[in-house]
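Report on one structure; see the data block that follows.
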Amino acid sequence: MKYYKGKNNQVYAFEDDGSQDHLISDDLTPISTLEADLIRNPPKTISELKSIKKIDINTTFEKLMEPIINGIPSIERESWKKQETEARAYVADSAASTPLIDALAATRGVDKAELVSRIINKADLFATISGQLIGKRQALEDAVNALPESATPEDIAAISW
């Protein structure tokens with residue numbers, strides 16, 4: 001292909017065999033294949049690369065969190081904080097109101113104290129694992145945000161899980 005650019009920096013391509021030469025107007029400037037590629041696909045700015053890196057960091061974080069929450073309906077996950085709050089309240093005072101735990105224990109046929117213990121153990125484990133992953137995600141995001149506008153694409157690429 002033969003490449004040309006117009007005054008608006010639009011790239012035009014014509015067959016090498018000359019069969020389309022009659023379509024090449026005088027206002028078009030010949031350019032190389034490399035120049036045509038750069039016009040059509042300009043390099044990303046540092047700001048764009050930083051945004052892409054943040055998306056990549058968040059995508060990786062979500063993939064790493066998935067095994068922890070896999071198979072648990074979102075509506076049930078929304079109850080985790082309430083379960084934990086009631087469980088810790090029950091440990092502090094066995095007379096505390098725990099309507100969610102009471103319903104869970106009764107429906108499952110599980111002893112309330114045993115269920116409270118399971119809830120707290122799972123909450124603590126989740127806090128530890130998710131805390132490590134969240135902390136890593138935030139540290140990587142901080143590293144991206146700390147890069148100056150003079151950073152190179154290589155500087156951005158070096159930030160990884």
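Fair warning: this is a prediction, and the values are worked out from it, not measured in the lab.
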Between Ser160 and Ala157, what is the shortest heavy-atom contact and its length? CB-O, 4.4 Å
Taking Asn58's backbone N and O only, do any of them form a donor-acceptor pair with Arg137's side chain (distance below 3.5 Å, no angle check)? no
Scanning both residues in full, the closest heavy-atom pair of Ala105 with Leu115 reads N-CD2, 3.5 Å
Single-linkage hydrophobic cluster, 4.5 Å side-chain cutoff, Leu125 and Ile119 together: no
Would you find a donor on one side and an acceptor on the other, under 3.5 Å apart, between the side chain of Lys50 and the backbone of Leu147? yes
Crowding at CG, Asp26 (>12 non-hydrogen neighbours, <6.0 Å): no
For Tyr3 and Ser32, the nearest pair of non-hydrogen atoms, with its separation, is CB-O, 4.3 Å
Give a yes or no on whether Trp161 and Ile156 share a hydrophobic cluster (residues Ile, Leu, Val, Met, Phe, Trp, Tyr; joining criterion: side-chain heavy atoms under 4.5 Å apart). yes
Hey, what do you get for OH (Tyr90) to CD1 (Ile120), rounding to the nearest 0.5 Å? 10.5 Å
Got a donor-acceptor contact below 3.5 angstrom from the Glu86 side chain to the Ile101 backbone? yes
Answer whether the closest heavy-atom distance between the side chains of Asn145 and Lys54 falls below 4.5 Å. yes
Is a side-chain donor or acceptor of Glu48 paired with a backbone partner of Thr45 at a separation under 3.5 angstrom? yes
In the structure I gave you, are the side-chain heavy atoms of Phe61 and Lys63 within less than 4.5 Å of one another anywhere? no
Donor-acceptor pair, Gln20 side chain versus Glu15 backbone, under 3.5 Å? yes
Across all chains, not counting sequence neighbours, the side chain to side chain donor-acceptor pair (under 3.5 Å) partners of Ser74 are none
Are any of the side-chain nitrogens in Asp102 or Lys112 under 4.0 Å away from the carboxylate oxygens of its partner? yes
Which distance, rounded to the nearest 0.5 Å, do you find between the CD1 of Ile159 and the CD of Glu154? 12.5 Å
With no hydrogens and no angle check, is any side-chain donor or acceptor of Asn41 less than 3.5 Å from a backbone partner on Leu38? no
With Tyr4, which residues qualify under ring-ring contact (aromatic ring centres under 6.0 Å, His included), at least two apart? Phe14
Answer yes or no: is there a side-chain heavy-atom contact under 4.5 Å between Trp80 and Ile69? yes
Can you tell me how far apart CE (Met1) and CG (Asp17) are? Round to the nearest 0.5 Å. 9.5 Å
Chi angles and distances behind the salt bridge (Lys or Arg N to Asp or Glu O under 4.0 Å) call for Lys5, Asp27: CA-CA 9 Å; Lys5 71 176 179 178; Asp27 62 338; over 6 Å; no
How long is the gap from CG on Asn70 to CE on Met65, to the nearest 0.5 Å? 12.0 Å
If hydrophobic clusters are built from ILVMFWY residues whose side chains come within less than 4.5 Å, do Val110 and Leu100 share one? yes
Donor-acceptor contact present, side-chain Ser51 to main-chain Ser47, <3.5 Å: yes
Any side-chain donor-acceptor pair under 3.5 Å between Thr59 and Asp56? no
Rounded to the nearest 0.5 Å, how far does CD of Glu35 lie from CD1 of Ile39? 4.5 Å
Taking Leu104 as the starting point, is it possible to reach Phe126 by hopping between hydrophobic residues whose side chains are less than 4.5 Å apart? no
4.5 Å side-chain heavy-atom contact, Ile68 and Ile129: yes
Has Ser79 got a side-chain atom pairing as donor or acceptor with Glu76's backbone, closer than 3.5 angstrom? yes
So does Ile75 have more than 12 non-hydrogen atoms from other groups sitting under 6.0 Å from CD1? no
Looking only at heavy atoms, which two atoms of Ala89 and Ala96 are closest? And how far apart? O-CB, 3.6 Å
Can you tell whether the side chains of Asp111 and Arg118 come within less than 4.0 Å, N to carboxylate O? no
Shared hydrophobic cluster, Leu28 / Val11 (ILVMFWY, side-chain heavy atoms < 4.5 Å): no
May I ask you to decide if Ala113's main-chain N or O and Ser117's side chain share a donor-acceptor pair within less than 3.5 Å? no
Look up atom CD1 in Ile55 and atom NZ in Lys53, then write down how far apart they are to the nearest 0.5 Å. 12.0 Å
